[in-house]
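In what follows, chains are A, B, ... by sequence order, proteins preceding strands, each numbered from 1. Just so it is clear, the model here is predicted, and its values are computed rather than measured. The figures here come from the full heavy-atom set of this structure, side chains too, leaving out hydrogens, waters and symmetry mates.
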Number of protein chains: 2
Amino acid sequence: MDQSVTPPILYEWAGRKSAKPVDPALEALVRDIIGKIADKWTMLILETLEAHGTLRFTELGHKVGDISQKMLTKTLRQMEADGLVTRKVHPVVPPHVDYALTDLGRGLGAAFCSVWTWAETHYDDIEKSRAAFAARQGAGE
Amino acid sequence: MDQSVTPPILYEWAGRKSAKPVDPALEALVRDIIGKIADKWTMLILETLEAHGTLRFTELGHKVGDISQKMLTKTLRQMEADGLVTRKVHPVVPPHVDYALTDLGRGLGAAFCSVWTWAETHYDDIEKSRAAFAARQGAGE
DNA sequence: TTCGATACTAACCCAAAGGAGAGTGTATTT
DNA sequence: AAATACACTCTCCTTTGGGTTAGTATCGAA
């Protein structure tokens, strides 16, 4: 896609979003954050911590489901860096590490909650759409 | 417990859990949906269509930003299959294809709106957290 | 006759995501 | 003495994401 010239203007928001002025620099920033956060594992971990409160590493892994240790560690680190979770190490043997949401993380969890609800409400619509789409493709519309 | 022949197995990581009395099939489904829509390009396209209404392919690409035709096509097809967007082909030359959100898509857009607002509100907190985290790592806490 | 416009698809390639499995450190338990 | 527990880290490997370039079809304009 040709993006050699990107004029910073010509965004006419239908007034439906926040009343903030459309600053392209800010928009790029927000876009970057969305890009980082709109991630499967981040969302799943967020959801799990929101539902169960403070959890230890292994415990969290089991509750999230089919996540590998590698991805759990990596995603947790990113979330810690972004200030979404706290990581509390108890210097004991065997190791004990507690993960919990920060206020920021809880805020995102609350925001994302509506998406989760949407998915629960409309999964059957999506299934139907997929079936219809597959049929359309198969039949050679 | 047979330990004479047992190789050093440390984890059985693939075990399924059931924390909540939720139908596991439904949970897997919702999880799958979240996994599919919690995607950078899907969110960005959704946002763009929500803000601008009906758009043509190239137009949409420009407004979304740095997206390649390949990803635009691919994401759009997935969204069409999931029933989030409609694809209307006008059989003219040169080709003319209109993309617009469905009710389902608009619903998801509305749900995701709060996440977008959260990102706008807290991007500076995230920046600060990242800086603090980097400093913590660099200084060897 | 050649060009340009549009919305793609196909082929190629590289980088990142992500899974599997083994290794680490040490105090307590067997 | 050996196993165990926990929270990792490291290496190896496959899959997916995603960019780039080229090509296609067709009509009207130059």
Novice: Can a side chain N or O of A:R87 be found less than 4.0 Å away from OP1 or OP2 on D:dC8?
Specialist: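 It does, given that an N or O in the side chain of A:R87 lies less than 4.0 Å from OP1 or OP2 of D:dC8.
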
Novice: In Å and rounded to the nearest 0.5 Å, what is the CG to CE distance from B:L49 to B:M79?
Specialist: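 Spacing of CG (B:L49) from CE (B:M79) equals 6.5 Å.
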
Novice: Return the CE to CG distance between A:M71 and A:D39, rounded to the nearest 0.5 Å.
Specialist: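 Rounded to the nearest 0.5 Å, the CE-CG separation comes out at 9.0 Å.
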
Novice: Nearest-Å distance, NE2 (B:H62) to C1' (C:dA7)?
Specialist: 13 Å

Novice: Tell me the bend of the helix from C:dT1-D:dA30 to C:dT30-D:dA1 as the angle between end helix axes, each from five pairs, rounded to the nearest 10 degrees.
Specialist: 30°

Novice: Roughly how far apart are A:I34 CD1 and A:R31 CZ, rounded to 0.5 Å?
Specialist: 9.5 Å

Novice: Does B:W118 offer a backbone N or O that forms a donor-acceptor pair with the side chain of B:H122 under 3.5 Å?
Specialist: no

Novice: Taking the side chain of A:F57 as heavy atoms from C-beta outward, which of C:dC8, D:dC6, D:dC8 is closest to it?
Specialist: D:dC8

Novice: May I have the distance from B:Q137 (atom CD) to D:dT9 (atom C1'), rounded to whole angstrom?
Specialist: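 Roughly 14 Å, once rounded to whole Å.
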
Novice: Let me confirm one number: the CG-OG1 distance from A:L44 to A:T75, rounded to the nearest 0.5 Å.
Specialist: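 If I round to the nearest 0.5 Å, the distance is 9.5 Å.
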
Novice: Just how far, in rounded Å, is C1' of D:dC6 from CG of A:L72?
Specialist: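 Computing the A:L72:CG to D:dC6:C1' distance gives 13 Å.
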
Novice: Nearest whole Å is fine: how far is C:dA7 C1' from B:H90 NE2?
Specialist: 13 Å

Novice: Can you tell me how far NZ of B:K63 sits from CD1 of B:I45, rounded to the nearest 0.5 angstrom?
Specialist: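 Going from the CD1 atom of B:I45 to the NZ atom of B:K63 covers 14.5 Å.
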
Novice: Extract all donor-acceptor atom pairs below 3.5 Å that involve side chains of residues 98-108 of chain B and protein atoms in other chains or at least two apart in sequence.
Specialist:
residue : atom : partner : partner atom : Å
B:D98   : OD1  : B:H96   : NE2          : 3.2
B:D98   : OD2  : B:H90   : NE2          : 2.9
B:Y99   : OH   : B:R87   : NE           : 3.2
B:T102  : OG1  : B:G83   : O            : 2.6
B:T102  : OG1  : B:L84   : O            : 3.1
B:T102  : OG1  : B:L104  : N            : 3.3
B:T102  : OG1  : B:G105  : N            : 3.0
B:D103  : OD1  : B:R106  : NH2          : 2.6
B:R106  : NH1  : B:L101  : O            : 3.2

Novice: Would you say A:R77 reaches D:dT9's phosphate, i.e. side-chain N/O to OP1/OP2 under 4.0 Å?
Specialist: yes

Novice: Taking salt bridge (charged side-chain N to carboxylate O under 4.0 Å, His left out) as the test, write out the residues that go with A:E50, two or more places apart.
Specialist: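 If we apply the salt bridge (charged side-chain N to carboxylate O under 4.0 Å, His left out) test to A:E50, skipping adjacent residues, there are no hits.
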
Novice: Could you state the atom-to-atom distance from CD1 of B:I45 to C1' of D:dG18 in whole Å?
Specialist: 13 Å

Novice: Taking it one step at a time, do B:L76 and B:F57 satisfy side chain to side chain contact (heavy atoms under 4.5 Å, CB included)?
Specialist: CA-CA 9 Å; B:L76 243 15; B:F57 182 81; 4.3 Å; yes

Novice: Give the rounded distance in Å between these two atoms: CD of A:Q69 and P of D:dC6.
Specialist: 12 Å

Novice: Just to verify, what does B:K36 make a salt bridge (charged side-chain N to carboxylate O under 4.0 Å, His left out) with, not counting sequence neighbours?
Specialist: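 Applying salt bridge (charged side-chain N to carboxylate O under 4.0 Å, His left out) to B:K36 gives B:D32.
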
Novice: Tell me, with the steps shown, if A:E80 and B:R136 meet salt bridge (charged side-chain N to carboxylate O under 4.0 Å, His left out).
Specialist: CA-CA 12 Å; A:E80 193 196 351; B:R136 237 181 295 146; 3.6 Å; yes

Novice: Out of curiosity, A:Q78 CD to A:D82 CG, how far, rounded to the nearest 0.5 Å?
Specialist: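 Result: 4.5 Å between the selected atoms.
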
Novice: Which protein N or O atoms sit under 3.5 Å from an N or O of nucleotides 15-19 of chain C?
Specialist:
residue : atom : partner : partner atom : Å
C:dA17  : OP2  : A:K74   : NZ           : 3.0
C:dG18  : N7   : A:K70   : NZ           : 2.8
C:dG18  : O6   : A:K70   : NZ           : 3.3
C:dG19  : OP2  : A:S68   : OG           : 2.8
C:dG19  : O6   : A:K70   : NZ           : 2.5

Novice: Take nucleotides 24-30 of chain D nucleotide by nucleotide from the 5' end and write B, S or -, depending on whether a protein heavy atom sits under 4.0 Å from the base, only from the sugar-phosphate, or from neither.
Specialist: --BS---

Novice: Side-chain N or O of B:Y99 versus OP1/OP2 of C:dC8: is the shortest distance under 4.0 Å?
Specialist: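 Answer is yes, contact under 4.0 Å.
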
Novice: Are any of A:T73's side-chain N or O atoms less than 4.0 Å away from OP1 or OP2 of D:dC8?
Specialist: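 The answer is no; no side-chain N or O of A:T73 sits under 4.0 Å from OP1 or OP2.
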
Novice: Using atom CG of B:L55 as one end and atom C1' of C:dT6 as the other, report the distance to the nearest whole Å.
Specialist: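 B:L55 atom CG is separated from C:dT6 atom C1' by 15 Å.
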
